[in-house]
Each structure stands twice: as C-alpha cells, then as structure tokens.
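Structure record follows, encoded as structure tokens.
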Protein chains: 2
Amino acid sequence: MGRRPTLHEVANLAGASLASTSRALNGNGASPEMIEKVQAAAKRLGYYPDAAGRSLRMGRTFQVGFAVADIGNPVYVDMMKAIHEVVGPQGYHVVVATTGNDVTSTADVIRALSSGVVDGLVISPLRSNEALAQQMEHAPIPVVVIGRVAEGTTLDSVWADSAAGIGMAVDQLVGAGRRRLLFLNGPLGTTPASRRLQGFDAAVARHGLPLLGMLVADDFTVEAGTRAVDSLLDDGAAERPDAIVAANDLLAIGCIQALRRRHLSVPRDVAVTGMDDTEIAAVFSPSLTSVALGSRERGKAAAELLLRRIGGEQGPAQRVHVAPRLVVRESSGGPA
Amino acid sequence: MGRRPTLHEVANLAGASLASTSRALNGNGASPEMIEKVQAAAKRLGYYPDAAGRSLRMGRTFQVGFAVADIGNPVYVDMMKAIHEVVGPQGYHVVVATTGNDVTSTADVIRALSSGVVDGLVISPLRSNEALAQQMEHAPIPVVVIGRVAEGTTLDSVWADSAAGIGMAVDQLVGAGRRRLLFLNGPLGTTPASRRLQGFDAAVARHGLPLLGMLVADDFTVEAGTRAVDSLLDDGAAERPDAIVAANDLLAIGCIQALRRRHLSVPRDVAVTGMDDTEIAAVFSPSLTSVALGSRERGKAAAELLLRRIGGEQGPAQRVHVAPRLVVRESSGGPA
DNA sequence: CCCTGAGACGGAAACGTTTCCAGCGACCAT
DNA sequence: ATGGTCGCTGGAAACGTTTCCGTCTCAGGG
C-alpha cells in the first residue's frame with residue numbers, strides 16, 4: 001500500500017511547471033519535447049491523476065449511477081451490463097445503488113448520488129409519484145428513466161410497452177385454445193404491475209374471455225411466484241385456470257414450480273407465459289414462452305441518452321421506445 | 001437541473017463561518033444554538049455536501065470497488081449484492097468494474113480504481129500471475145481477493161475449497177453407482193478451472209476410476225457448455241460417460257440442454273452435477289445437484305474485511321475460508 | 001481580583017487538479 | 001526596423017470541503 005505520486009512531483013522531476021505538466025499529459029498545447037519530458041517523468045513515477053482532485057476542479061466525476069430496486073433481478077443485471085458496455089469505453093465508471101421498494105428511499109438515493117458522486121443517473125423506479133418525478137426533473141444532474149414517465153415531463157426516458165406485450169402473450173394462448181386465463185401479478189402499486197395488469201385486462205376483454213381475477217405475488221421473485229400459486233391451488237374452491245400469464249419470468253418459473261409439485265403438467269394442464277425473456281427462459285424445462293422487452297437495448301439506449309446529456313446536449317426530452325417481442329416456446333403449448 | 005448550494009452559502013445564510021458550519025453539520029464541537037442555526041440554513045437551501053470536495057480534503061471517497069470478469073455471472077451478482085448490503089449502511093457506494101479475461105486489463109482496472117476513485121477493492125480474478133499479485137499487494141488502497149492467493153502474501157482473501165467441493169460431488173456420484181465420470185471444465189488457464197480439475201482428478205484417482213479425459217468449454221456460460229457437450233456427442237468414437245461433473249452451474253445447464261436434444265435422460269442415462277448452487281439450480285428441471293460455495297458469504301466476508309482495512313486495522317493478512325457444501329438433487333440420481 | 005482552563009468560534013491552509021491570464025521569445029509581414 | 005501574431009510557458013486562482021491553530025469569552029478556583 002504505497003503512496004501515490006502527485007502532479008507536483010511529476011512537474012518537479014520533469015523540471016516543468018504544474019501548468020505545463022498538466023497540459024503535456026492532457027494533450028493541450030504543449031511542445032513535443034515538453035510532452036516527452038513529462039511523459040517520461042510520469043512513467044518513471046507511475047503517476048496517475050487523482051480522481052478527487054480532478055473531479056473537484058472539472059466538476060465532473062466520470063461516473064454514472066444505476067439505481068434499481070433489486071440488483072439481483074436478471075433484467076437489471078442485463079441493463080447494468082449494457083450500461084457498463086456503453087459508458088466504460090468513454091472512461092466512465094458505474095456506481096450501482098439500490099433504491100429499496102419505497103419512494104422515499106428512492107429519493108434519498110437520488111439525492112445522495114446527485115451530490116457530486118456521479119455525472120448522471122439511470123434509474124428504473126418500481127414505484128413513483130409526483131414528488132419523485134419532480135425531484136428527478138430538477139436534479140442537479142441529468143437523469144434518464146427506464147420505464148414510463150408522465151406525459152409532458154422534461155425527463156429522457158426509454159420504455160417498452162409491456163401492456164402490449166402481455167396482450168401478445170394472451171393472443172397466443174387464446175390462439176392455442178386456452179380460455180380460462182389467470183394473471184399472476186407482482187406487487188400492486190408498482191408501475192410495472194399496473195401496466196401489465198392493464199394489458200392483461202384489455203386483452204382478455206378484447207377476446208371476450210371470463211375474468212378469473214388475479215393472483216398477486218408480493219415480490220417479482222421465484223419464491224413469491226411459488227407462494228402465490230401454492231395459495232391458489234390450496235384454495236380448492238377456486239376454478240383452475242388453463243393458462244397463467246405471469247408478469248415476469250421469475251414469477252413464471254415460480255409458478256411452474258408450484259404446478260409441478262401438484263403433478264400438473266405444463267403446458268398440458270396449464271400453460272404458462274413469462275415476461276422479459278431472460279436467459280433462463282430458453283433453457284428452462286419446459287422452455288418458457290416469454291415476452292422480450294429488450295433489457296439490453298433499454299440499458300444501452302438509456303446510457304447513450306445519458307452520455308449525450310452529460311456532454312451538454314440540450315434539446316427536448318427524448319423518449320425511446322423498444323418494441324416488445326413474443327418468443328413462443330414449450331410452456332405455452334406452442335403456436336396454434 | 002438546478003445548481004447545488006455550497007457550504008459557503010449555508011454559512012452565509014446562517015451567519016457563521018465556514019469552519020463552524022462544517023462542525024455544526026458534522027457534529028464536532030459546536031454549540032447547540034449554532035447547530036440549530038446551521039441545520040436550519042442547510043435545510044432551507046437543501047444543502048448536501050459535495051462528494052468531490054469532501055473526498056479531496058479527507059482523502060476518502062466512500063466508495064468501494066468490485067471487479068470481476070463477467071458481472072453477468074450469477075455468482076458475481078450474488079457477491080455484489082452481499083457487498084452492497086454490507087457497505088451501504090456504512091455510507092459507501094459500490095463501483096462495479098469488469099476486468100475482462102486477461103491479466104493486463106485486470107491490472108488496468110486496479111490502477112484506474114486505485115487513483116482516488118475508491119477507498120478499497122474487492123476483486124475476484126479469473127487469471128492471475130506474479131505481476132498481478134505484486135500489483136494488488138502494493139496497491140495504494142486495501143485489496144481483498146475472493147479466490148485463492150499465494151502462500152505468504154500480505155493480501156486479505158476469502159476462499160472456498162472448490163477442489164474439495166468437486167470431490168464431494170464425485171463421491172456422491174460414485175456412491176450412486178456411476179463409474180465413467182467426465183469432467184466438463186471451463187477455460188483452461190483460469191484459476192477456478194485448474195483448482196476444480198485438480199479436485200476432480202484427485203477424487204477419480206481416489207476411487208480408482210478410469211480417466212475419460214476432460215471436456216473444455218471456452219467460457220463459464222450455458223452456451224459454451226452446450227457447445228462442448230455437443231462436440232463430445234458428435235464425436236461418435238468417444239465412449240459415453242454415465243456422469244458429467246461440470247465446473248459450474250451454467251456449464252451444467254448447458255450440458256443438460258445438449259443431452260436433452262439427443263434424447264438422453266438426466267439422470268437416467270447421464271447424471272450431471274454443477275457448482276455454485278445458484279438460484280436456478282433448485283428450480284431447474286431436473287433440479288440440479290450442485291456444490292454450494294457460498295457466494296453470498298464470500299461477498300459478505302470480503303466486504304467486512306475490506307471495511308476493516310479501510311478503517312485502518314493493521315494486523316497480518318486474513319484468510320477466510322468458506323466450506324463447500326454438496327446439495328444433492330435430481331440431476332445426479334439422488335443419494336445412494 | 002487575577003489566573004487558568006475549557007469551550008466555542010473564525011481565519012486560513014490544505015487536499016490535487018485544470019485553466020485563465022500574462023509574459024516572453026520567435027517569426028512573419030508591413 | 002517595428003508592430004503584430006503565434007506558440008509555448010509559468011504563476012496563480014479556483015473547485016468545496018475539513019481541520020489546524022490562534023483568539024476570545026466565560027466560569028471557576030486560588
């Protein structure tokens with residue numbers, strides 16, 4: 001754990017002033033011989049500029065933040081990877097932050113990161129309200145939202161129409177002859193949950209199908225999915241659905257897990273669809289029909305938007321759309 | 001995107017000096033009325049201290065780094081979550097960095113993060129050599145390694161005995177009557193790959209089993225696993241194993257995928273075991289026998305070690321061991 | 001009543017960097 | 001020959017914070 005050399009020491013060794021040394025290293029108006037002298041000195045000392053000093057002076061940290069509720073969710077991992085891939089080559093580091101499930105802790109995270117920690121923020125809020133929207137809009141750094149934002153906001157955002165996506169899943173199930181569709185939702189009050197429910201209700205109404213009510217898991221996880229479906233099957237009174245549309249691949253897998261325990265076959269007895277088309281969907285058995293929402297694309301687009309704003313681009317709020325795409329596999333009984 | 005107030009403005013509004021204002025906010029020797037005055041002013045302006053200025057002055061960034069080869073790997077995601085949970089409450093942010101597959105880019109990452117970006121670094125290097133070890137040892141910030149380090153190094157580390165873990169998997173397979181065991185390894189030259197191979201060879205020798213050679217995937221991913229096993233099965237000449245020990249859950253799943261395509265039943269025709277006991281292992285079908293290496297515990301322990309070093313604890317290098325644990329499930333044919 | 005010590009406060013330095021600005025040659029054109 | 005321009009350099013300021021140190025006040029003890 002040795003000490004790091006400073007620009008001062010490099011300047012001394014090179015026999016130049018601080019100003020010239022800095023210029024020589026950053027390549028702004030220095031003579032060739034000066035550059036060589038300084039580079040040599042820097043190399044000999046093993047000099048690398050101090051991030052704190054540089055941040056303070058330049059007003060930039062060369063870090064971007066990524067804030068989500070649960071970084072364990074594969075969707076967010078994908079986004080993070082994509083963001084990393086975009087900003088890394090530009091010299092930026094990625095700071096991850098978890099917002100927790102409620103709005104106030106999200107607000108705290110934004111504030112904490114805004115105070116000179118990162119130059120910009122990509123955030124995918126599970127829940128939102130007017131105050132949070134205001135805060136994001138008036139944050140001292142650019143903020144890009146992955147998810148739905150209110151009409152007329154000045155925030156850049158990238159979104160996928162999950163409601164339409166759910167509709168595609170329903171269409172396919174109906175096409176395959178299913179009639180008693182049940183929606184397995186994530187925690188109510190979250191933005192994804194309400195959007196996806198809307199999509200489901202609309203699609204079911206469109207097909208004139210009976211409403212079987214909805215199953216609500218208390219989290220977007222495998223375990224929560226299993227618990228929810230278990231409770232349904234325990235409740236003997238309830239009419240058994242012939243298809244379950246899950247709001248999430250994780251929930252879908254949890255659901256299949258519960259069905260399997262009761263020796264119900266997927267897709268013969270009950271068809272199941274998920275959403276997000278995570279990596280597991282393709283290799284799962286039965287392979288999982290899922291609606292891809294392009295997590296990688298969304299992360300990439302968000303990062304690109306953010307970098308542009310950090311770079312000073314003005315213009316009106318951008319709103320990037322990523323189209324949902326249904327990937328039909330075994331769990332939904334295949335194409336009609 | 002408003003501007004942020006500085007301590008100066010708070011001091012002005014409160015009618016106090018910078019020094020007193022700082023003290024009042026950080027709670028060091030200020031009178032109650034001063035504290036109140038300053039707090040009020042700070043709240044009115046919405047003041048939060050600037051991270052860059054503070055870092056520069058204090059010589060601490062309140063950030064820790066986490067560097068791994070592929071942040072998409074569920075093992076690393078688990079570790080990251082654990083690290084986050086440990087350091088977050090202490091006011092630290094987590095910076096993720098990907099080291100790439102080679103040693104030199106790992107070195108670059110360490111250097112970049114050492115220059116005042118983070119106060120400490122948790123790193124899990126896939127490959128290593130003497131130069132890299134030296135660099136980590138002499139880095140200007142504390143470094144904790146997740147993985148095996150050379151005897152006598154001064155680096156803190158936390159490690160799981162994956163060789164012994166592989167041995168446990170082999171024992172169980174042999175106990176279940178399997179005799180022709182094949183090892184599906186990850187990319188050679190990586191530390192995990194060599195350790196796990198050693199464990200496999202030792203266990204096979206111990207049981208006096210025939211050596212079927214080894215299958216090498218070019219990455220620790222599902223796709224690479226599928227490709228490797230495909231190539232084995234395509235090669236009609238090779239004698240078919242009755243069990244495959246994969247170096248990794250991802251490889252194991254890829255392997256099962258390939259077997260399934262040939263209509264080979266797992267575990268009837270071929271038993272399969274994985275390693276890491278990722279979340280998917282439990283819910284996969286067939287559920288996957290796997291050796292848990294405690295990714296969460298390792299991440300947690302590493303973060304705690306790191307915080308202690310950052311706090312200035314001196315003492316000799318710590319070496320935390322996490323015991324491997326075999327979780328027997330369907331894919332290996334169950335217990336003998 | 002004076003001296004001492006404790007407690008609170010403000011001025012100023014310091015952290016390491018980039019960049020503004022002025023100065024200084026050298027060179028070219030008038 | 002002189003004025004102007006250009007390229008390069010060094011001094012110094014600035015970013016926002018914490019903390020050292022000196023000063024001041026006030027209370028209490030001798």
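All of these numbers come straight from a predicted model, not from anything done at the bench. Each chain gets a letter, A, B and so on, in the order its sequence line appears, and its residues count up from 1.
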Item to complete: Starting from C1' on C:dA14, measure out to NE2 on A:His8 and report it in whole angstrom.
Response: 12 Å
Worksheet entry | Gap between atoms CG and P, on B:Leu25 and D:dG16 respectively (whole Å) | 16 Å
Fill in: Gap between atoms CG and P, on A:Leu7 and D:dG11 respectively (whole Å)
14 Å
Item to complete: Give A:Ala30 one of three labels, base, sugar-phosphate or nothing, depending on what nucleic acid heavy atoms sit under 4.0 Å from its own.
Response: sugar-phosphate
Discussion item. In whole Å, I'd like the distance from the CD1 atom of A:Ile35 to the C1' atom of D:dT9.
Written reply: 13 Å
Item to complete: Could you tell me whether A:Arg111 and A:Asp108 make a salt bridge, using a distance below 4.0 angstrom between a side-chain N and a carboxylate O?
Response: yes
Discussion item. Taking 4.0 Å as the cut-off, does a side-chain nitrogen or oxygen of B:Ser20 come that near to OP1 or OP2 on C:dC9?
Written reply: no
Worksheet entry | Separation of D:dT19 P from B:Leu56 CG (nearest whole Å) | 13 Å
Worksheet, complete the sentence: A:Met58 CE to C:dC15 P, in whole Å, measures 21 Å
Response to the item:
Checking D:dT17, C:dG11, C:dT18 against the side chain of B:Leu18 (C-beta onward), the nearest is D:dT17
Item to complete: Report the distance from atom CG of A:Asn26 to atom C1' of C:dG16, rounded to the nearest whole Å.
Response: 13 Å
Discussion item. As a test of reading the structure: which of D:dC20, D:dG10, D:dA14 is closest to the side chain of A:Ala16, going by heavy atoms?
Written reply: D:dG10
Worksheet item: From the list C:dG16, D:dT9, C:dT18, which nucleotide is the closest neighbour of the side chain of A:Asp50?
Response: C:dG16
Worksheet entry | Working for side-chain contact (heavy atoms from CB on, under 4.5 Å), residues A:Leu132 and A:Ile110 | CA-CA 9 Å; A:Leu132 185 63; A:Ile110 297 179; 3.8 Å; yes
Item to complete: Using heavy atoms to find the nearest nucleotide of DNA chain D for B:Tyr48 and B:Arg23 separately, return the residue whose nucleotide is more 5′.
Response: B:Tyr48
Discussion item. Tell me the interatomic distance from B:Phe62, atom CZ, to D:dG16, atom P, rounded to whole angstroms.
Written reply: 19 Å
Worksheet item: Any side-chain N or O of B:Tyr47 under 4.0 Å from OP1/OP2 of D:dT17?
Response: yes
Worksheet item: Of B:Arg57 and B:Glu33, whose closest DNA chain C nucleotide lies nearer the 5' terminus?
Response: B:Glu33
Worksheet item: According to a strict under-4.0 Å criterion, is B:Thr6 in side-chain N/O contact with OP1 or OP2 of D:dC15?
Response: no
Discussion item. OP1 or OP2 of D:dT9 versus the side-chain N and O atoms of A:Ser17: is any pair under 4.0 Å?
Written reply: no
Worksheet item: Is a salt bridge present between A:Glu304 and A:Lys300, judged by a nitrogen-to-oxygen distance below 4.0 Å?
Response: yes
Item to complete: Start with the C-alpha gap between B:Val96 and A:Phe66, add the side-chain angles, then the distance that decides, and say whether side-chain contact (heavy atoms from CB on, under 4.5 Å) holds.
Response: CA-CA 11 Å; B:Val96 301; A:Phe66 180 52; over 6 Å; no
Practice prompt. Indicate, with a heavy-atom threshold strictly under 4.0 Å, whether A:Ser31 touches base, sugar-phosphate, or nothing.
Written response: sugar-phosphate
Worksheet item: Between A:Arg54 and C:dT18, is there a side-chain N or O to OP1/OP2 distance below 4.0 Å?
Response: yes
Discussion item. Donor-acceptor check, side chain of A:Arg298 to backbone of A:Leu293, threshold 3.5 angstrom: yes or no?
Written reply: yes
